[in-house]
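A quick write-up on the structure given underneath.
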There are 2 protein chains.
Amino acid sequence: MSGIQRAKSEETQRRVLEAAIRAVEAGGMEAVQIRRIAAEAGYSVGSVYKHYEDQDALIAAVDTVTLERIKTDMSNAIEGIEDPLKQLKTLARTYLEFARRHRNLWVTLFTHHLPDGRPVPDSHIQGTVDLLTYVAVPLKKLNPDLTEDLLAARTRTCFSALHGLVSISLEERFVGLPGDEMDREMMFLVERLAAK
Amino acid sequence: MSGIQRAKSEETQRRVLEAAIRAVEAGGMEAVQIRRIAAEAGYSVGSVYKHYEDQDALIAAVDTVTLERIKTDMSNAIEGIEDPLKQLKTLARTYLEFARRHRNLWVTLFTHHLPDGRPVPDSHIQGTVDLLTYVAVPLKKLNPDLTEDLLAARTRTCFSALHGLVSISLEERFVGLPGDEMDREMMFLVERLAAK
DNA sequence: CATAAAAATGAACAATGTTCACTATTTGAC
DNA sequence: GTCAAATAGTGAACATTGTTCATTTTTATG
């Protein structure tokens with residue numbers, strides 16, 4: 001079937017999204033300005049709207065990619081590690097590392113909110129479920145007798161706590177901790193929460 | 001000295017800030033639109049700029065009030081409680097309660113970021129220090145032999161973990177937990193982190 | 001009362017998201 | 001191969017919003 005049109009459409013969508021990602025990386029979500037993005041991608045303003053309903057939808061697409069990248073990093077990080085506690089610690093370090101290296105992407109992921117009444121994209125729901133699963137697996141090994149519901153809750157708690165540590169460590173309002181103390185506290189958290 | 005001028009100036013500043021707070025409560029920080037605020041407060045656009053450098057400064061002023069309110073709630077909550085563990089649990093519940101009751105204020109506090117290069121207001125630094133102190137005091141009682149530095153780090157960790165639980169519980173992307181499970185997990189977190 | 005200082009106003013400007021009538025290109029049927 | 005329909009792409013025009021500033025109104029002071 002239709003070859004050229006489909007290819008063109010996909011390339012446009014891809015290049016617009018890539019431009020948006022670069023914009024967020026460079027200047028946060030405020031830098032995702034339609035004219036800028038269009039010019040950067042090599043198209044006109046209207047073409048952006050052909051592929052993304054509006055600015056929020058475009059940023060949401062960036063967030064989807066961000067979630068994928070976090071998942072990739074986590075997956076790679078625990079590859080070859082057997083000990084479940086080491087897995088959890090590695091996941092924690094990887095999560096912090098990502099937030100530090102890609103601060104603007106990470107902040108945008110958690111501070112961009114769709115207008116009221118707009119549904120959260122499926123890709124985001126799925127992305128967070130996958131994230132939690134990375135934590136659930138080693139946690140299950142450490143606590144084999146947790147019920148399914150309790151494991152789900154505990155998984156969320158562990159991830160949330162880690163997320164909070166990372167969040168606050170990036171907040172300028174809170175006086176920063178030295179890097180090595182940060183690692184020590186993260187490991188403290190994981191050990192306390194993962195223990196039987 | 002100048003009576004009427006000073007009084008007028010202060011009242012204007014107060015009414016503008018109150019209008020901004022109401023706007024955030026009703027519609028989040030996107031609702032802080034200068035024309036709206038000015039009209040709501042009963043002044044012209046220019047008068048808003050007489051008292052607040054720009055939109056970001058006005059929102060930052062709202063955040064200062066939010067921090068004060070959180071501190072007030074926390075202070076009231078632990079009044080009369082002796083047991084340090086109970087104090088920590090009460091603080092946790094109070095923090096979650098505030099975030100739920102004043103969701104838009106709370107979200108704005110943690111998602112509004114000043115443009116690069118703008119210094120964080122002193123009131124915010126002080127506010128977060130005070131918040132942490134509420135946690136530090138009972139934590140010190142439970143772990144009397146922690147060094148000052150370690151206590152500071154652990155305090156941050158406890159607060160951050162709690163903050164993460166609250167954050168994620170408000171994120172639509174993450175499937176929600178029933179209210180009672182939420183409380184159980186929060187208590188679990190506090191017990192694990194506060195224990196010797 | 002007269003002059004200076006401060007408070008308040010709102011028109012004007014700039015930046016930005018969004019729409020839509022229009023052009024160019026591609027597709028598919030004959 | 002031609003042509004009509006469908007799709008991709010364009011950019012001017014509009015609406016909204018943050019911000020500035022010359023001007024007016026009110027207050028303080030000698």
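Note on naming: letters A, B, ... go to the chains in the order of the sequence lines (proteins, then strands), and numbering restarts at 1 for each one.
Considering A:V24, A:T108, A:L58 in turn, A:T108 is the only one that fulfils the side-chain contact (heavy atoms from CB on, under 4.5 Å) rule with A:D63.
The CE-P distance, from A:M29 to C:dG17, rounds to 13 Å in whole Å. As a whole-Å value, the separation of A:E11 CD from C:dT26 C1' is 16 Å. What separates OH of B:Y49 from P of C:dA7 is a distance of 18 Å, to the nearest Å. The CZ atom of B:R36 sits 19 Å away from the C1' atom of C:dG10 (whole-angstrom rounding). Taking atom OH of residue B:Y52 and atom P of nucleotide D:dT20, one finds them 17 Å apart after rounding to whole Å. Atom P of nucleotide C:dT16 and atom CD of B:E30 are separated by 17 Å, given to the nearest angstrom. Rounding to whole angstrom units, CD1 of residue B:I34 and P of D:dG18 are separated by 5 Å.
Comparing C:dT27, D:dT19, C:dG17 against the side chain of A:I4 picks out C:dT27 as the nearest. Each of D:dT20, C:dT27, D:dT10 was ranked by its minimum atom distance to the side chain of B:V45; first place goes to D:dT20. Nearest to the side chain of B:R35, among C:dT18, D:dG18, C:dG17, sits D:dG18. Checked against D:dT17, D:dA8, D:dG11, the side chain of A:K50 finds its nearest nucleotide in D:dA8.
Sequence order on DNA chain C of the closest nucleotides to A:D54 and B:S9 puts B:S9 first from the 5' end. Map B:G46 and B:Q55 each onto its nearest nucleotide of DNA chain D; the residue landing nearer the 5' end is B:Q55. Mapped onto DNA chain D by nearest heavy atom, A:H51 and B:E53 fall at different nucleotides, with A:H51 at the one closer to the 5' end.
In this structure the side chain of B:F188 reaches within 4.5 angstrom of the side chain of A:L193, judged on heavy atoms. At least one side-chain heavy atom of B:D56 sits less than 4.5 Å from a side-chain heavy atom of B:P115.
At distances below 3.5 Å, not a single donor-acceptor pair connects side-chain atoms of A:R36 with backbone N or O atoms of A:A23.
When the side-chain nitrogen and oxygen atoms of A:T12 are compared with OP1 and OP2 of D:dG9, one or more of them lie within a distance under 4.0 Å.
Using a 4.0 Å heavy-atom distance criterion, A:V32 is classed as a sugar-phosphate-only contact. At a threshold of 4.0 angstrom between heavy atoms, the contacts of A:Y43 are confined to the sugar-phosphate backbone, with no base atom among them. Heavy atoms of A:S47 sit under 4.0 angstrom from at least one base atom.
Interatomic distance, NE2 of B:H51 versus OG of B:S9, reported as 4.0 Å (0.5 Å rounding).
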